[in-house]
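Have a look at this one before I ask anything.
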There are 4 protein chains.
Amino acid sequence: MIDPSADRAQYRQIADSLRDAIMSGQLPDGARVPSEEQLRQEHGVSRTTVRKAIDVLKGEGLVEVRAPRGTFVRNNQQPVQTVPLRRGDRVRARMPSPEERREHDVREGVPFLVVTRADGTVEVHPGDRTQAQQGPTGR
Amino acid sequence: MIDPSADRAQYRQIADSLRDAIMSGQLPDGARVPSEEQLRQEHGVSRTTVRKAIDVLKGEGLVEVRAPRGTFVRNNQQPVQTVPLRRGDRVRARMPSPEERREHDVREGVPFLVVTRADGTVEVHPGDRTQAQQGPTGR
Amino acid sequence: MIDPSADRAQYRQIADSLRDAIMSGQLPDGARVPSEEQLRQEHGVSRTTVRKAIDVLKGEGLVEVRAPRGTFVRNNQQPVQTVPLRRGDRVRARMPSPEERREHDVREGVPFLVVTRADGTVEVHPGDRTQAQQGPTGR
Amino acid sequence: MIDPSADRAQYRQIADSLRDAIMSGQLPDGARVPSEEQLRQEHGVSRTTVRKAIDVLKGEGLVEVRAPRGTFVRNNQQPVQTVPLRRGDRVRARMPSPEERREHDVREGVPFLVVTRADGTVEVHPGDRTQAQQGPTGR
DNA sequence: GTGGTCTAGACCACG
DNA sequence: GTGGTCTAGACCACA
């Protein structure tokens with residue numbers, strides 16, 4: 001239950017509750033998250049508060065909004081693409097800019113995997129479907 | 001200038017404007033971002049709209065809010081920590097949950113660098129100060 | 001062309017386009033307005049949006065819906081009826097209530113011409129076929 | 001009460017109910033009309049239906065929407081402006097185009113009072129604050 | 001003052 | 001009925 005007097009902001013409590021449901025599998029991959037109106041009534045808060053909770057989960061890459069269909073648990077698919085690493089390559093993670101998100105077709109809340117090759121060239125890959133790995137012959 | 005008509009939501013336009021200022025160095029690392037009230041007056045919008053713009057930049061890891069001091073351009077410091085990779089290790093990127101953020105002391109908008117070792121153990125590292133590198137003798 | 005971004009709501013843009021066609025005579029009095037389905041495809045919007053555009057034009061008295069025949073440009077016929085004014089008479093314009101619309105057989109989007117005689121009696125006349133005129137011998 | 005099975009569309013029934021309240025003075029000039037959400041709950045319909053009812057009243061010039069404050073009964077103020085009529089002048093009523101509404105600063109649902117002078121010149125006046133009258137010396 | 005949170009309401013586009 | 005955007009204003013905690 002949401003406690004309006006608690007230390008934790010109500011929108012965070014609602015986000016916590018939804019996150020638990022997702023993590024526990026109660027809301028499985030692809031499932032529909034209750035509508036803003038349902039959540040509003042359920043927790044007795046304003047729609048704005050509900051939306052902030054959803055924003056939190058978007059920022060964590062846990063849900064995906066498909067207007068005007070609804071909000072859905074993101075398919076946390078396994079990496080389907082493997083980028084081979086070679087000696088001296090470095091790997092980092094950072095958030096993309098909106099422009100980069102468009103270019104690489106990644107959704108909000110999805111970080112980039114950035115590979116800087118030993119020769120200085122830089123590659124960015126969508127973090128939700130890419131893994132980097134020392135190639136079979138990697139050495 | 002902000003165009004209240006236009007394809008792009010006003011809060012996104014304001015975020016674009018601030019992002020440009022940061023990227024161009026006009027607002028250097030550590031600089032104070034204008035206060036919500038200043039931005040509100042400058043662009044002729046409501047405070048709510050300004051806050052959404054700031055939220056966007058937080059989500060991109062570009063700024064950091066230090067209430068009640070103000071909002072500041074994040075120090076996009078270089079990685080100070082390097083995690084060695086060995087043959088068979090895999091690297092991914094994803095957003096942390098709030099709990100993980102607390103544990104590893106990372107701020108909003110900062111992704112995790114996740115290293116899955118060849119033996120199956122998993123390590124997570126803050127994306128804003130860690131890089132993974134295949135060791136010089138990588139093998 | 002309809003611009004889904006833009007200051008102006010799409011349904012208003014479609015209404016503008018049809019209004020222009022009517023005003024320019026491209027769609028003459030009595031002509032059939034393209035069907036909702038045709039407009040929907042032409043502008044790439046939902047039928048709801050098309051219907052809102054038609055609603056705007058109904059409110060302006062420019063078109064008339066004759067289900068299930070179609071929607072037609074209203075005959076902006078010249079006033080066929082002239083109400084004589086005498087000294088002290090006052091004339092106003094206002095929208096009728098639905099009941100008054102029924103009584104006087106006027107369609108949606110047609111205002112009333114209200115004549116208050118010098119002796120206090122009030123007459124209402126359909127605005128689309130009535131004009132008031134001070135008699136040539138006006139007195 | 002609203003009767004979903006009645007001949008009359010529910011949104012018209014709701015509009016009727018509000019119109020009665022306005023006409024009877026139960027909702028006096030300038031009063032706040034219940035919010036869409038209140039009306040929705042009161043009548044057990046969807047918000048869309050409520051909005052259509054409000055649209056009807058806007059079209060009749062009975063209410064005025066002032067976002068984001070609410071919807072209010074229009075001040076059906078008495079005419080404050082009197083246009084003198086001279087011999088041979090004709091008066092008509094029609095709805096303005098949006099452009100004309102902007103120019104003359106009139107709200108949705110307010111018709112125009114159109115005066116065609118004997119010499120052929122045409123004047124338009126906002127119907128909610130203008131009356132035409134044979135001038136004192138009119139003859 | 002600063003940001004943090006919340007409310008109640010509005011308009012829009014799509015189905 | 002769903003989400004997207006926006007408004008105007010409120011109270012709070014912090015320093």
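Here is the naming used below: chain letters follow the sequence lines, and residue numbers restart at 1 for every chain.
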Q. Would you say a side-chain N or O of Arg51(D) is under 4.0 Å from OP1 or OP2 of dC11(E)?
A. yes
Q) Which atoms form the tightest heavy-atom contact between Ala53(C) and Tyr11(C), and what is the distance? A) CB-O, 3.3 Å
Q.
Over all strands shown, is Arg40(A) touching base, sugar-phosphate only, or nothing at heavy-atom distances under 4.0 angstrom?
A. nothing
Q | salt_bridge(Glu100(B), Arg94(B)) N-O dist < 4.0 Å | A | yes
Q: Specify the residue among Ala67(B) and Arg66(A) whose closest nucleotide of DNA chain F lies further upstream toward the 5′ end.
A: Arg66(A)
Q | Whole angstrom value for the distance that separates P of dC12(F) from CD of Gln10(A) | A | 14 Å
Q.
Under 4.0 Å, counting only non-hydrogen atoms across every strand here, what does Arg47(C) touch: a base, just sugar-phosphate, or nothing?
A. nothing
Q.
Between Val45(D) and Pro68(B), which residue's closest nucleotide on DNA chain F lies nearer the 5′ terminus?
A. Val45(D)
Q | Residue mapping more 5' on DNA chain E - nearest nucleotide basis, Gly44(A) or Lys58(B) | A | Lys58(B)
Q: Using a strict 4.0 Å threshold on nitrogen-to-oxygen distance, state whether Arg74(A) and Asp128(A) make a salt bridge.
A: no
(Q) In whole Å, I'd like the distance from the CD atom of Glu64(A) to the P atom of dG4(F). (A) 11 Å
Q.
By nearest atom, which of the nucleotides dG3(F), dG1(E), dT5(E) is closest to the Val65(A) side chain?
A. dG3(F)
Q | Between dT7(E) (C1') and His43(A) (NE2): distance, integer Å | A | 18 Å
**Q.** Nucleotide paired to dA8(F) in any strand shown, Watson-Crick or G-U, under 3.5 Å
**A.** dT7(E)
(Q) For Asp55(C), is there an ion pair with Lys58(C) - N to carboxylate O distance below 4.0 angstrom? (A) yes
Q. Can you find a donor-acceptor pair, distance only, under 3.5 Å between Ser35(A) side chain and dG1(F) base?
A. no
Q: Indicate whether OP1 or OP2 belonging to dG9(F) is found under 4.0 Å from a side-chain N or O atom of Ser46(B).
A: no
Q.
Under 4.0 Å, counting only non-hydrogen atoms across every strand here, what does Arg32(D) touch: a base, just sugar-phosphate, or nothing?
A. sugar-phosphate
Q: Give the rounded distance in Å between these two atoms: CD of Glu36(A) and P of dG9(E).
A: 17 Å
Q.
Without decimals, in angstroms, what is the distance between Glu37(D) CD and dC11(E) P?
A. 14 Å
Q: Would you mind reading off the distance between Lys52(C) atom NZ and dC14(E) atom P, rounded to a whole angstrom?
A: 11 Å
Q. Any side-chain N or O of Thr71(A) less than 4.0 Å from the OP1 or OP2 oxygen of dT2(F)?
A. no
Q | Nearest-nucleotide 5' precedence on DNA chain E, Gln38(D) against Pro4(A) | A | Pro4(A)
Q: Provide, to the nearest angstrom, the distance between the CD1 atom belonging to Ile54(B) and the P atom belonging to dG4(E).
A: 9 Å
(Q) Less than 4.0 angstrom between a side-chain N/O of Arg12(A) and OP1 or OP2 of dT5(E), yes or no? (A) yes
Q) Side chain of Gln13(A), backbone of Asp3(A): donor and acceptor closer than 3.5 Å? A) yes
(Q) Please confirm whether the shortest side-chain N or O distance from Tyr11(B) to OP1 or OP2 of dC6(F) is below 4.0 Å. (A) no
Q) For Arg69(B) and dC14(F), what is the distance between atoms CZ and P respectively, to the nearest whole Å? A) 16 Å
Q: For Thr48(C), answer base if it contacts any base atom (sugar-phosphate contacts may also be present), sugar-phosphate if it contacts only those atoms, and nothing otherwise; contact means non-hydrogen atoms under 4.0 Å.
A: base
Q | Other residues, nucleotides, ligands: >12 heavy atoms within 6.0 Å of Arg32(B) CZ | A | yes
